[in-house]
Amino acid sequence: MNKVKVGVVQMSCVRDKQENLDKAITKVREAAAKGAQIVCLQELFTSLYFCDVEDYDNFDLAEAIPGPSTDALSVVAAELGVVIIASLFEKRAQGLYHNTTAVLDADGSYLGKYRKMHIPDDPAFYEKFYFTPGDLGYKIFPTKFGKIGILICWDQWYPEASRITALMGAEMLFYPTAIGWATDQDEETNKDQYNAWQTIQRSHAVANGVPVISVNRVGYEQDGAMKFWGGSFVTNAQGRLLYLASHDQEEVEVVEVNLQETDYFRKHWPFLRDRRIDSYSQITKRFIDED
């Protein structure tokens with residue numbers, strides 16, 4: 001396909017898991033009604049962002065993948081003829097959990113999952129307490145509407161992850177994410193943080209010549225201490241913004257991306273073919289020093 005319509009669902013969440021799932025399904029329907037062919041939901045959309053605390057009770061939010069949420073979304077995907085990208089808290093086995101995104105094709109079939117590779121451990125983002133790092137590697141999914149690459153939130157800071165996913169043949173990169181501002185921060189810090197977040201992801205589009213779709217949650221959580229900053233966006237294959245969401249509103253937007261542009265930009269800005277892969281062996285080192 002030359003052009004694909006992607007649906008961005010930026011929403012706030014509540015404590016009730018079923019209510020969040022029902023809300024997401026309603027918004028998937030809204031995106032499909034606007035013409036979306038691929039709909040991306042935000043990171044861990046069935047719950048509040050629970051990683052602000054280390055609480056064993058939060059493991060009860062996890063589920064098998066495939067499981068109840070993918071079963072429900074599969075029915076919707078088949079009914080609407082859309083691909084659904086669904087970020088969920090996966091219970092793989094007793095005591096083993098992942099931050100995982102499932103992909104459902106437009107006929108409702110389950111195409112597989114990607115497990116988040118990079119796991120943060122920052123104030124209010126204690127993900128290493130809950131999530132085992134992904135062990136499936138980087139993946140692409142051949143959907144009805146194109147080959148899509150999935151990376152999750154903290155993965156978005158790493159050019160290595162986007163590069164490998166693009167080299168595997170991804171025609172689009174999707175980033176379900178959950179990131180926000182501490183509400184006691186000053187506005188200048190807020191702007192710097194958001195700009196860094198957006199810039200690094202737009203650079204992945206430029207370096208790889210593929211569209212990037214980043215979908216973030218919105219709203220106040222953590223008893224008002226955290227404002228998830230929304231700001232979801234879509235770029236073309238040269239990093240140009242095609243859509244930018246607000247910082248404080250729920251939004252469902254459908255944006256057309258032109259997959260043919262990848263060939264054009266890669267020919268005229270040949271970053272991919274000019275790579276000196278013979279010189280990159282040291283990239284696997286933690287740090288390049290004498291030790």
Side-chain angles (χ1 to χ4, degrees), residues 1-12 24 27-43 45 80 82-87 101 103 106 114 140-141 143-153 155-157 159 161-163 165-166 170-180 194-218 228-266 269:
M1 299 188 67
N2 293 337
K3 296 181 180 181
V4 177
K5 293 183 177 180
V6 298
V8 173
V9 175
Q10 174 176 291
M11 71 181 208
S12 60
K27 292 185 179 293
V28 169
R29 292 185 181 280
E30 182 180 340
K34 292 181 176 181
Q37 296 167 302
I38 302 175
V39 182
C40 185
L41 299 165
Q42 67 209 31
E43 183 185 22
F45 70 92
L80 302 175
V82 300
V83 175
I84 299 177
I85 300 168
S87 171
T101 294
V103 180
Y114 165 74
I140 62 167
F141 301 90
T143 76
K144 178 180 179 180
F145 301 112
K147 296 178 183 177
I148 64 175
I150 311 294
L151 295 163
I152 303 172
C153 202
D155 291 330
Q156 67 211 353
W157 299 101
S162 61
R163 174 70 87 198
T165 306
E171 296 175 294
M172 298 161 272
L173 294 177
F174 286 86
Y175 289 89
T177 187
I179 189 169
Y194 177 79
N195 287 338
W197 177 79
Q198 187 194 100
T199 299
I200 190 68
Q201 292 177 88
R202 290 174 70 181
S203 76
H204 301 329
V206 175
N208 296 297
V210 294
V212 167
I213 301 92
S214 184
V215 183
N216 191 29
R217 70 173 57 208
V218 72
F228 284 91
W229 67 41
S232 303
F233 64 90
V234 177
T235 80
N236 75 350
Q238 201 178 30
R240 177 167 60 87
L241 285 175
L242 304 177
Y243 162 69
L244 178 61
S246 69
H247 289 306
D248 53 11
Q249 298 294 318
E250 295 189 330
E251 298 189 25
V252 175
E253 188 67 27
V254 176
V255 182
E256 185 176 77
V257 295
N258 187 347
L259 302 185
Q260 284 291 96
E261 289 183 337
T262 291
D263 188 54
Y264 177 84
F265 289 128
R266 284 182 178 176
W269 293 52

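Position 1 is the first residue of the sequence; numbering continues from there. Fair warning: this is a prediction, and the values are worked out from it, not measured in the lab.
Using modelled atom types, no side-chain atom of Arg217 and backbone atom of Gly180 make a donor-acceptor pair closer than 3.5 Å. Judged purely by atom type and a 3.5 angstrom limit, Gln156 uses its side chain to pair as donor or acceptor with the backbone of Cys153. Within the 3.5 Å criterion, the main-chain N or O of Asn208 finds a donor-acceptor partner in the side chain of Arg266. In this structure a side-chain-to-backbone donor-acceptor pair under 3.5 Å is present from Gln10 to Gly231. Using modelled atom types, one side-chain atom of His247 and one backbone atom of Trp229 make a donor-acceptor pair closer than 3.5 Å. Judged by distance alone, the side chain of Ser232 and the main-chain N or O of Asn216 form a donor-acceptor pair under 3.5 Å. Of the possible polar contacts, none joining the Gln42 side chain to the Ala178 backbone as a donor-acceptor pair under 3.5 Å is found. Between the side chain of Lys34 and the main chain of Val252, a donor-acceptor pair closer than 3.5 Å is present. In this structure a side-chain-to-backbone donor-acceptor pair under 3.5 Å is present from Ser203 to Ile200.
Here the closest non-hydrogen pair linking His204 and Pro159 is CE1-CA, 3.6 Å. The shortest heavy-atom contact between Phe145 and Ala106 is CE1-CB, 3.8 Å. The minimum heavy-atom distance linking Asn195 with Thr199 is given by the pair O-OG1, 2.6 Å. Heavy atoms only, all atoms of each residue included: Cys40 and Phe174 are closest at CB-CD2, 3.8 Å. Of all non-hydrogen atoms in Glu253 and Val255, the two that sit nearest each other are CG-CG2, 4.0 Å. When all heavy atoms are compared, the tightest approach of Phe265 to Ala237 is CD1-CB, 3.8 Å.
Atom CD1 in Ile148 sits 9.0 Å away from atom CD1 in Ile213 (nearest 0.5 Å). Distance OH/Tyr175 to OG1/Thr101: 12.5 Å, rounded to 0.5 Å. The CG atom of Leu173 sits 10.5 Å away from atom CD1 of Ile140, with the distance rounded to the nearest 0.5 Å. With values rounded to the nearest 0.5 angstrom, Asn236 atom CG is found 13.5 Å from Met172 atom CE. From Asp155, atom CG reaches atom CD of Gln201 across 10.5 Å, with rounding to the nearest 0.5 Å. For the atom pair OG of Ser87 and OH of Tyr114, the computed distance is 11.0 Å after rounding to the nearest 0.5 Å.
The shortest side-chain heavy-atom distance between Ile150 and Pro176 falls under the 4.5 Å cut-off. For the pair Gln249/Val218, no side-chain contact is recorded, criterion being any heavy-atom separation below 4.5 Å from C-beta on. Annotation: side chain of Arg29 is in contact with side chain of Leu80 (closest heavy-atom distance under 4.5 Å). Side-chain contact between Thr235 and Leu241 is present, with at least one heavy-atom pair separated by less than 4.5 Å. By the 4.5 Å heavy-atom criterion applied to side chains, Lys27 and Phe45 are not counted as neighbours.
No hydrogens or angles considered: nothing links the side chains of Glu171 and Thr262 as a donor-acceptor pair under 3.5 Å. Side chain to side chain, Gln260 and Tyr264 fail the donor-acceptor criterion of an N or O pair below 3.5 Å.
With sequence neighbours excluded, the residues that form a ring-ring contact (aromatic ring centres under 6.0 Å, His included) with Phe233 are Trp197.
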